[in-house]
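Reviewing the structure listed below.
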Amino acid sequence: MRNYLGAVYCTHYALPYLKTSQGLLVAISSICGKTGVPTRTGYVASKHAMQGFFDTLRMELRSTGVDVLVVSPGFVATDIRQRALGADGKPLGKSPRDEMQGNMSVDECVHQIIWAMERRKREHIMTLKGKVLPWAKLIMPGLVDRITAATVRKPTATQK
């Protein structure tokens, strides 16, 4: 829940300054804030909480001149998953997902965040799958669950 509470605490202390400057609050969430992903229960819960918090805060701040942007990247090529904790609280050391494929570069992620900030967008979902899945979930929730579950595969021999 550090994803959520860290964002809440930072926002609480930054809000007086953002109101004075009519600034932009940028929350880095995830596509996981839109739909569940197996093996990432705590992370997904924190991102769902962030999404709800910042969507609500955006409405509450509407007349203050403060804009709220929620950014939802997909998988980004970082080594953070190597430090993820398992159910026993110990580092997993490896990801259950094939991390060699389908990840956005950090540079591309930053570029898209800056692009959305410059336009003071309210939300920016970075991948086509991220844009389609929430809509598809309304019509075919079972199919979306299967597609999402397929994104988490057993590690290949080179990842073990």
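Both backbone and side-chain heavy atoms feed into the values below; hydrogens, waters and symmetry mates do not.
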Members besides [X] in its Ile/Leu/Val/Met/Phe/Trp/Tyr cluster (side-chain heavy atoms under 4.5 Å):
{"X": "Met59", "value": "none"}
{"X": "Leu128", "value": "Val132"}
{"X": "Leu69", "value": "Leu24, Val26, Ile28, Val71, Met104, Ile113, Met117, Met126"}

Assigning hydrophobic clusters by single linkage (Ile, Leu, Val, Met, Phe, Trp, Tyr; side-chain heavy-atom cutoff under 4.5 Å), is [X] placed with [Y]?
{"X": "Leu61", "Y": "Phe53", "result": "yes"}
{"X": "Phe54", "Y": "Leu18", "result": "yes"}
{"X": "Tyr9", "Y": "Val70", "result": "yes"}
{"X": "Leu57", "Y": "Val8", "result": "yes"}
{"X": "Trp115", "Y": "Val106", "result": "no"}

Partner residues of Arg120 under the salt bridge (Lys or Arg N to Asp or Glu O under 4.0 Å) criterion, sequence neighbours left out: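 Expected list: Asp67.
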Contacts of Lys137 that satisfy salt bridge (Lys or Arg N to Asp or Glu O under 4.0 Å) - sequence neighbours left out: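 Partners of Lys137 by the salt bridge (Lys or Arg N to Asp or Glu O under 4.0 Å) criterion come out as none, since no residue qualifies.
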Donor-acceptor pair, side chain of Arg122 and main chain of Val68, under 3.5 angstrom: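 Between the backbone of Val68 and the side chain of Arg122 there is no qualifying donor-acceptor contact (under 3.5 Å).
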Distance (rounded to the nearest 0.5 Å) between [X] [atom1] and [Y] [atom2]:
{"X": "Leu15", "Y": "Glu60", "atom1": "CG", "atom2": "CD", "value": "9.5 Å"}
{"X": "Ile31", "Y": "Thr127", "atom1": "CD1", "atom2": "OG1", "value": "3.0 Å"}
{"X": "Ile114", "Y": "Arg119", "atom1": "CD1", "atom2": "CZ", "value": "11.5 Å"}

Tell me the closest heavy-atom pair linking [X] and [Y], and the distance in Å.
{"X": "Ala27", "Y": "Met50", "answer": "CB-CE, 4.1 Å"}
{"X": "Lys47", "Y": "Ser30", "answer": "CG-CB, 4.0 Å"}
{"X": "Gln51", "Y": "Ser72", "answer": "OE1-OG, 4.0 Å"}
{"X": "Val44", "Y": "Thr35", "answer": "CG1-O, 4.1 Å"}
{"X": "Val37", "Y": "Cys32", "answer": "CG2-SG, 3.5 Å"}
{"X": "Tyr4", "Y": "Ser46", "answer": "CB-O, 3.8 Å"}

CA sep, side-chain torsions, deciding dist, call: Lys121, His124, side-chain contact (heavy atoms from CB on, under 4.5 Å): CA-CA 7 Å; Lys121 291 180 57 121; His124 182 58; 4.1 Å; yes
Pairs flagged by salt bridge (charged side-chain N to carboxylate O under 4.0 Å, His left out) wherever residues 28-37 is involved - sequence neighbours left out: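 Listed once each, the pairs are Lys34-Glu123.
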